[in-house]
Amino acid sequence: MQNPVAHPAPIGVYDSGVGGLAVLRALRKRLPGESFIYVADSANAPYGDRTPEFVECRAKEVTRFLVQRHAKAVVLACNTASVVAAQRLRTLHDVPIIAMEPAIKPATLLTKSRVVLVLATTNTIRSESVARLCRTYGTDTRIILQPCPGLADRVERGEFQHIETRLLLETYIRPGLVAGADTIVLGCTHYAFLADEIAAVAGPSVIVLEPSDAIARQLSRVLPATQEPHHRAATTSFFSSGSTPHMRAFLASIGEASQQVQVLPAMGNPSDEARPCGKPPAS
Ligand code: DGL
C-alpha cells in the first residue's frame, strides 16, 4: 500500500516553458510540505503566438499527463493556457484546476491615476476573459492592453538583461507610461523574471503587480486539508518537451537545487487517433 507520508500526491504545475517556475517558487514557499510535478512545454513555446486551438490541445494533453501521474490539483501557471483552456479542462477532470488571469481587478483598486497597463501575450490580450475583466473593472479606469510578442522568448533564453530585451521593454512599456499608467499588470508568467527590469523602465512610482503569491494563496484554499505535514518527502520533478539541458541550465541560473529534468513523453489526443496537436487529420 502506498505510504501517504513517503509518497504524497503531487500538485501539477504547467506552463508553456520556464515562466511558471516563478509561480512554482511561490507555491513551494506557501506549501513547503507538498510535492510538485512541473511541466514546461518548451518545444511548443511561445504559446502567445500559437492558435488558441493548438494551446487548448496542448493544455488538454499536459493536464491529462499530470492527472495520470496522480496530481491532486493542477495549476495552470500560464495565463495564455488559462484563458484559452481552463473552462474546458474543468469539465474533463475532477481535480481542482487553478487558473491564472491578469490581475486587472486588483490593479483598478490600486491605481491613483486611473490608468493601468496590462502586459501579456497576444492570445491573452485577445481573449474573452480579458475582455470580460475590462468590461467589469474598466468602467472608471483606462486599461491599456499591450501585447508583447517576443518577450516570453527572451525569458526562455534567459536573456533578462540583454539589450534587446531592454529595448522590447521600452517599446511595450513607454507608451503606457506616457498615457499616465501608474500600475502595471504582469499578465504572463514569464514576465516575473523581468520584474526588476520592468521596474527599472517604469520607475519607482509605478506599481508592478506579479500574481504568483495570489495563486499560491488560492491553491492553499482549494487543496483538501492534509492530515499531517510531510516535509521530509516533499519533492519536485521537472519535465520538459524541449531541450532538457537548456532547462537544467535555466534551473541552475535561478538557483534551483534540483536540476533533474525528464523528457515529457510524446502524447496524442486519444479521441483523435493520437494525432499530435496542430497536425491535420490524415486524408
Ligand atoms: N507564460 C505564459 C503566460 O503566462 C505564456 C508565454 C508564451 O508561451 O507565450 O501567458
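Note that ligands are numbered from 1 as they come in the structure, with each ligand's atoms numbered from 1 the same way.
Residue Cys78 places a heavy atom less than 4.0 Å from ligand 1. Heavy-atom separations between Gly19 and ligand 1 are all 4.0 Å or longer.
Between Phe239 and Phe65, the ring centre distance stays below 6.0 Å.
At a 4.0 Å heavy-atom cut-off, ligand 1 touches Ser16 through the side chain alone. Residue-level proximity to ligand 1 for Asp49 is absent, since no heavy atom of it falls below 4.0 angstrom. At a heavy-atom distance under 4.0 Å, atoms from both the backbone and the side chain of Thr80 approach ligand 1.
In the vicinity of His190, heavy-atom distances shorter than 4.0 Å reach the ligand 1 atoms 1 (N), 2 (C), 6 (C). The contact set between ligand 1 and Pro46, taken as ligand atoms under 4.0 Å from a residue heavy atom, comprises 7 (C), 8 (O), 9 (O). Listed by number with element, the atoms of ligand 1 under 4.0 angstrom from any heavy atom of Asp15 are 1 (N), 2 (C). For ligand 1, the atoms lying closer than 4.0 Å to a non-hydrogen atom of Cys188 are 1 (N), 2 (C), 3 (C), 4 (O), 5 (C), 6 (C), 10 (O). Applying the 4.0 Å criterion to heavy atoms of Ala152 picks out, from ligand 1, the atoms 6 (C), 7 (C), 9 (O).
The residue from Asp15, Asp41, Thr122 that alone fulfils the side chain to side chain donor-acceptor pair (under 3.5 Å) condition with Tyr47 is Asp41.
Using a 4.0 Å cut-off between a side-chain N of Lys or Arg and a carboxylate O of Asp or Glu, Glu56 and Arg50 do not qualify as a salt bridge.
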Does Thr108 form a side chain to side chain donor-acceptor pair (under 3.5 Å) with Thr141? I'd like the steps, not just the answer. CA-CA 7 Å; Thr108 58; Thr141 301; 5.4 Å; no
Start with the C-alpha gap between Arg157 and Glu164, add the side-chain angles, then the distance that decides, and say whether salt bridge (Lys or Arg N to Asp or Glu O under 4.0 Å) holds. CA-CA 12 Å; Arg157 286 186 249 146; Glu164 297 291 334; over 6 Å; no
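We find the SG-CG distance between Cys148 and Leu119 to be 4.5 Å, quoted to the nearest 0.5 Å.
When only non-hydrogen protein atoms are considered, atom 3 (C) of ligand 1 lies nearest to Asn79 N, 3.3 Å. Scanning all protein heavy atoms for the shortest distance to atom 7 (C) of ligand 1 gives Tyr47 N, 3.2 Å. Among protein heavy atoms, atom 9 (O) of ligand 1 sits closest to Gly48 N, 2.8 Å.
Here the closest non-hydrogen pair linking Leu89 and Ala59 is CD2-O, 3.8 Å.
Inclusion of Thr124 in the set of residues having an N or O under 3.5 Å from an N or O of ligand 1 is not warranted. Every N/O-N/O distance between Thr121 and ligand 1 stays at or above 3.5 Å.
In this structure, cysteines Cys57 and Cys277 have SG atoms closer than 2.5 angstrom.
Using a 30° and 60° split on the angle between ring planes, Phe193 and Phe160 fall in the parallel class, below 30°.
Here the side chain of Asn123 pairs no donor or acceptor atom with the backbone of Thr80 at under 3.5 angstrom.
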